[in-house]
Amino acid sequence: MKILLPSNVLHQTVSAENSANLKASAALHRSDSFLLHGRLFAAGASACRMATLSVPEHGSVCLDDGETRRDLPKSALSWTSRIGSTSRRATLPDGSVFETRDNDQVDRLVRRRGGAFVIPLSRLERLRPALLSLVVVATLAFFISLRWTLPWLGDTAAAFLPQAVEAHIGVNTLKALDRIALHPSELPAPTRQALLAVFDELKTHANAPESLSLAFRRGGSLVGANALALPGGHVIITDELVALAESPEALAGVLAHEIGHVDHRHGVRQLGRVMGLSAVVLLMTGDASSMANDVGVFGAGLLELSFSRNFEREADTRGVALMRQAGKDPESLAFFLERLEGLTEAGGIIPAWLSSHPSTPERVQRIRQQAAEQNADRRPR
């Protein structure tokens, strides 16, 4: 018959168990036998009985639960690892479980059986502060590399990348975009010619490569009203963005901004940073497939990853300078931005070109400030 112990009695039995374990620990120094006091749980049951486990130096283990006494082979005891001061358990062949709080006795028993390395968790617990410190340092190092090291590596790689290689990357990027996101343009020929004329005026003052060119595409649902600057000098403007402008001349600021990205080689510098991040992943995981994948789908990545805020500021600054050099009003970009902002507030839909850039009020203020400074520099002294 199994005896179910109430909680108050169970508390008393645990106290008695601890007292008995102290006596057994003292006796250990006078004998090579082990005496463990604890509780015995029947297989699959939550009820327990007080029990004693005797482990002599030679012979079999004796388990006495007050009702029955049985002998077990020493190999039948399989103890759980030590974690702090929590109770240790040994599962017996019939599925019953013997539990004791005498961790020191169990440690000695395991060591005597040749299991010196069966208790690693208690040591790991003592090392927890050191491990936590190591994780914190590694995490900080990773984010520092993202903030400063990877941009530096990307810019350095871009500086040494030949223009022919960059142009090849741009061509493949455009092919990838045409395959997965862009569609043939439906703009009328006169509109295209007017936009090309504006673009050519700006192009004559750019430091961009000879491959600098303007392409027309329909953005569709993925790209929408947008303009993109690809590595190698390919600038794309979508039909949807053209439709938001009052005239082709009103898009001069947008085109100057995208040429600014090309002048500063932002596309290939962004690619260098993506590849730098992939190199970190490669070092951490040993998986080279992610790096190869980044090169193949960089064009698609331009739809998801906008340029950094610093890149956008540089492109705005360069765009203002190009507009001034071409004899155009730099504030036209500010006017167009405000127009897009107004359309957004009225219709609740943000054009893709606007959503991928810093906040409009900040950009408008900076553009007008730069335009005013350039006007002041041009006045006779």
Side-chain angles (χ1 to χ4, degrees), residues 1-139 284:
M1 179 181 68
K2 299 179 181 178
I3 301 175
L4 301 179
L5 299 179
S7 58
N8 60 335
V9 176
L10 183 59
H11 177 73
Q12 295 174 0
T13 58
V14 170
S15 300
E17 172 193 334
N18 291 336
S19 176
N21 284 336
L22 290 176
K23 295 179 181 178
S25 297
L28 176 66
H29 299 284
R30 303 188 300 270
S31 171
D32 290 330
S33 298
F34 293 86
L35 185 62
L36 299 173
H37 296 273
R39 295 177 292 174
L40 181 66
F41 295 83
S46 59
C48 66
R49 297 189 298 273
M50 297 303 298
T52 302
L53 193 65
S54 303
V55 186
E57 182 180 3
H58 303 289
S60 59
V61 176
C62 179
L63 177 64
D64 186 355
D65 62 6
E67 294 184 3
T68 59
R69 184 183 178 93
R70 47 180 163 157
D71 294 331
L72 302 168
K74 291 182 179 180
S75 60
L77 298 179
S78 176
W79 294 98
T80 57
S81 297
R82 180 170 185 169
I83 304 178
S85 59
T86 58
S87 299
R88 306 284 286 281
R89 292 189 169 196
T91 302
L92 306 181
D94 63 352
S96 58
V97 175
F98 177 78
E99 180 184 274
T100 181
R101 292 178 178 271
D102 195 347
N103 286 310
D104 293 337
Q105 284 272 54
V106 175
D107 288 346
R108 295 187 186 100
L109 174 61
V110 172
R111 281 198 297 271
R112 196 176 77 174
R113 290 176 51 197
F117 298 98
V118 179
I119 325 269
L121 292 181
S122 60
R123 296 172 186 171
L124 288 178
E125 187 181 53
R126 290 194 293 271
L127 293 176
R128 186 181 301 169
L131 291 175
L132 181 60
S133 300
L134 181 61
V135 170
V136 170
V137 170
T139 303
M284 295 176 64

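Reckoned from all heavy atoms, side chains included, excluding hydrogens, waters and symmetry mates.
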side-chain hydrogen bond (donor to acceptor under 3.5 Å, both in side chains) partners of Ser96, counting only residues at least two apart
Asp94
Testing the basics here: between Arg101 and Ser87, what is the closest heavy-atom pair and its distance to 0.1 Å?
CG-OG, 3.4 Å
Output for pair (Leu72 CG, Ser54 OG), nearest 0.5 Å, gives 11.0 Å
Working note: Arg88 + Asp107, criterion salt bridge (charged side-chain N to carboxylate O under 4.0 Å, His left out); need CA distance, chi angles, decisive distance, verdict.
CA-CA 10 Å; Arg88 306 284 286 281; Asp107 288 346; 3.0 Å; yes
Separation of Leu36 CG from Phe98 CZ (nearest 0.5 Å)
5.5 Å
Check whether Arg70 reaches the backbone of Leu63 with its side chain - one donor and one acceptor, N or O, closer than 3.5 Å.
no
Of all residues at least two apart in sequence or in a different chain, which pass the side-chain hydrogen bond (donor to acceptor under 3.5 Å, both in side chains) check with Arg69?
none
Determine whether Phe41 and Glu99 satisfy the following criterion, side chain to side chain contact (heavy atoms under 4.5 Å, CB included), listing intermediate values before the conclusion.
CA-CA 8 Å; Phe41 295 83; Glu99 180 184 274; 4.1 Å; yes
Are Leu92 and Leu40 close enough, and set up right, to give a side chain to side chain contact (heavy atoms under 4.5 Å, CB included), and what steps lead you there?
CA-CA 10 Å; Leu92 306 181; Leu40 181 66; 4.1 Å; yes
Can you give me the closest heavy-atom contact between Arg49 and Asp65, atom names plus distance?
NH2-OD2, 2.7 Å
If you look at every heavy atom in Trp79 and Thr100, which pair is closest and at what distance?
CZ3-CG2, 3.9 Å
Intermediate values then yes/no, side chain to side chain contact (heavy atoms under 4.5 Å, CB included), Val61 and Leu53:
CA-CA 7 Å; Val61 176; Leu53 193 65; 3.4 Å; yes
